[in-house]
Amino acid sequence: MTDATITINPDGTGSVLLEGSTTTVEGTTAADARRQAITHITQRAASLGRPISATAHESGRVYPVLVNTDGTVSQLTRNEGAVPPPSVEPAATPAPEPASARTITEAPKAEPGPELDVTQPTPSQNTDLQLDPASHQPLLDDAANVPPANGIEETVEAEDNRSGDPVDVDPRWVDISKKPAEHGWQGTLNGMGLKISPAEKEIEHRREILRQQIVREEEERVAKEERTRTQAAQEGRRAAREREAAQQDREQRAVIQTSFEEPKNVLIANDKGGQGKTTAGYCIGATAGRIRGGDVVAWDANETRGNLGFRAQKAPTPRSVVDLLEEAAEDFTTVQGSKRSTLARYTRNQGDNLFTVLASDESRDRQDLVDAEAFEKVHEILGRFYSLILIDTGNNHRVSHFTAALAATDQLVVPVSAGADGAYAAETMMDTFESLGYGNLVKNAVVLLNDSATRRGDATGIATKFEQRVRAIIPIPFDPALDSGEEIDFDTLQPATRAAYQEATAAIARGLAGTTEG
């Protein structure tokens, strides 16, 4: 069998001694020179039809290897065909001939064994070439001066493949790496019409650019997936809120549409002015009227001139409750005279809001005509034609018609502004009601906590005052359309405001339904 010697220098130069002939190899790197040397020996092995054993010298170490006809390289031990130098006699025996001249018998192709730590002496040292299996390391590895056990060629391939680099598996890299040079003298000549391949430095530059692009694309992909997940979660929560709101709307509308077997009276009261009683009366009337389909009247039973007639849609003639008492009360004492058309001459239809308003008189002197007896007379007439009567009161719960209204009340509603004075007035009024024996009205009351653009009170503190005393507290948001004091256009209210009044109207209806069941 032909013996060969491979010598590889760190600068990429080297030589192959094969069959007594030396061939020089020169590459850009040690790996390149190693590849050329293996190729040269492989060609000879193929022509002979058998593997060639060789001794590789690189970085101060020596490695016995076997180069097969197919170009694969395996490590040799003495048992696989590596022949140690003969014994040397001090006087009679000549020095052993170089390893390159030794003839080594053919050995079978060896399977890669466990990795060994190779510390191999040079042939000039008269020692055995048998490797210590316990210290075996890979052969001719550039980084550690120790190559992989399965051969020099696989080491080269591993370097070229740059294991783990995402660029190597990116389909764009093949085209990018093959593009003609754009920089250096190669790029200059290519600008003249040539097609010279790029230098290694430019290849590495292209590799780095693509690597950074891959990183950016991965970051964008991850960010997009996160945005998609976030958007899906938000849409899921939004859909859940919409379903919940729709379910709540259905439930509120259903309770507001409750049919009552007899007229129900809702008293809207707070001893202090400016708390939103008139606004609440109108908006509750509009909400109930639209959902119930009519059958609702709001009555301004103020002991002085009230504002409900001013805030409501105007009628062709400004008739009031006093006009009803003076001109038509007697008509309702007979069956023939008890006509809704007669009552309609004194009430103010609110159009699409589907409820009517019975206003107080604009003259303070005439309003005094509505005492307790007059209240009961008007209340009896309204009860013939409406099942829900909203009573907007004044600021004095001691007058006779207020006392009569309190006695007829089924549900108490207490509007309170954000200021402490309104809350104090409401508490004082509730104390009076309880002392008069109307504790159940207070316990079942609905408090409307009105927000204000000018008064920033402690809404949480005010709510705390009432939460253990009443059945429900409904926040009513500030709305410029109501704050102006002009005629109320219910369609111009903000959605949050209309939703709050629907919640309040539903809370009132639940209380009324409870009194019916009781």
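These numbers were taken from a predicted model, which means no experiment stands behind them.
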In the structure I gave you, are the side-chain heavy atoms of [X] and [Y] within less than 4.5 Å of one another anywhere?
| X | Y | answer |
| --- | --- | --- |
| Arg207 | Asp168 | yes |
| Phe332 | Lys377 | no |
| Met430 | Glu427 | no |
| Val357 | Asp300 | no |
| Leu482 | Cys283 | yes |
| Phe433 | Leu412 | yes |
| Thr505 | Ile291 | no |
| Gln275 | Asn450 | no |

Within a radius of less than 6.0 Å around [atom1] of [X], do more than 12 heavy atoms belonging to other residues, nucleotides or ligands occur?
| X | atom1 | result |
| --- | --- | --- |
| Phe385 | CZ | yes |
| Asn440 | CG | no |
| Glu244 | CD | no |

Taking all non-hydrogen atoms of both residues into account, name the closest pair between [X] and [Y] and its distance.
| X | Y | result |
| --- | --- | --- |
| Ala372 | Ser400 | N-OG, 3.2 Å |
| Asp361 | Ser320 | OD2-OG, 2.8 Å |
| Lys465 | Ala423 | CD-CB, 4.5 Å |
| Ala359 | Gly309 | CB-CA, 3.7 Å |

Can you find a side-chain donor-acceptor pair between Thr356 and Tyr386 that sits under 3.5 Å? yes
What I want to check is whether the side chains of Arg250 and Gln247 have a donor and an acceptor closer together than 3.5 Å. yes
Going by side chain to side chain contact (heavy atoms under 4.5 Å, CB included), name the residues that satisfy it together with [X], two or more places apart in sequence or in a different chain.
| X | value |
| --- | --- |
| Asp352 | Arg290 |
| Ala426 | Asn270, Val414, Val416, Phe466 |
| Ala506 | Gln252, Val255, Ile256, Arg510 |

With side chain to side chain contact (heavy atoms under 4.5 Å, CB included) as the criterion, how do Gln502 and Arg253 come out once you've worked through the C-alpha distance, each side chain's angles and the decisive distance to 0.1 Å? CA-CA 8 Å; Gln502 180 171 311; Arg253 294 177 68 86; 4.0 Å; yes
Drop me the distance from [X]'s [atom1] to [Y]'s [atom2], to the nearest 0.5 angstrom.
| X | Y | atom1 | atom2 | answer |
| --- | --- | --- | --- | --- |
| Met429 | Asn396 | CE | CG | 12.0 Å |
| Ile284 | Thr279 | CD1 | OG1 | 10.5 Å |
| Ile214 | Arg211 | CD1 | CZ | 8.0 Å |
| His205 | Ile209 | NE2 | CD1 | 3.5 Å |
| Thr393 | Asp271 | OG1 | CG | 8.0 Å |
| Arg498 | Leu493 | CZ | CG | 6.5 Å |

What residues, two or more places apart in sequence or in another chain, satisfy salt bridge (Lys or Arg N to Asp or Glu O under 4.0 Å) together with [X]?
| X | answer |
| --- | --- |
| Asp295 | Arg292 |
| Glu226 | Arg229 |
| Asp431 | Arg469 |
| Lys179 | Glu182 |

What residues form a side-chain hydrogen bond (donor to acceptor under 3.5 Å, both in side chains) with Gln257, not counting sequence neighbours? none
Glu218 meets the side-chain hydrogen bond (donor to acceptor under 3.5 Å, both in side chains) criterion, sequence neighbours left out, with Arg221
With sequence neighbours left out, which residue pairs that include part of residues 328-346 fulfil the salt bridge (charged side-chain N to carboxylate O under 4.0 Å, His left out) condition? none
Restricting to pairs with a member in residues 384-408, which pass salt bridge (charged side-chain N to carboxylate O under 4.0 Å, His left out), not counting sequence neighbours? Glu380-Arg384
Has [X] got a side-chain atom pairing as donor or acceptor with [Y]'s backbone, closer than 3.5 angstrom?
| X | Y | value |
| --- | --- | --- |
| Gln313 | Arg348 | no |
| Asp371 | His401 | no |
| Thr342 | Ser338 | no |
| Ser360 | Gly306 | yes |
| Asp479 | Gln494 | yes |
| Lys314 | Ala312 | yes |
| Asp170 | Arg172 | yes |
| Arg311 | Glu486 | yes |
| Asn265 | Ala408 | yes |
| Thr333 | Ala329 | no |

Taking ring-ring contact (aromatic ring centres under 6.0 Å, His included) as the cut-off, I'd like each qualifying pair that reaches into residues 286-307, sequence neighbours left out, listed once. Trp299-Phe375
Within the 6.0 Å centroid threshold, strictly below: Phe355 and Tyr282: yes
Start with the C-alpha distance between Val266 and Leu388, add both sets of side-chain angles, then the distance that settles side chain to side chain contact (heavy atoms under 4.5 Å, CB included), and finish with yes or no. CA-CA 8 Å; Val266 178; Leu388 183 59; 3.9 Å; yes
Decide yes or no on side chain to side chain contact (heavy atoms under 4.5 Å, CB included) for Thr258 and Leu512, but give the supporting numbers first. CA-CA 9 Å; Thr258 300; Leu512 295 175; over 6 Å; no
Please step through side chain to side chain contact (heavy atoms under 4.5 Å, CB included) for the pair Leu382 and Leu343, ending with a clear verdict. CA-CA 8 Å; Leu382 295 177; Leu343 180 60; 4.1 Å; yes
Under a 4.0 Å threshold between the charged nitrogen and the carboxylate oxygen, would Arg206 count as salt-bridged to Glu202? yes
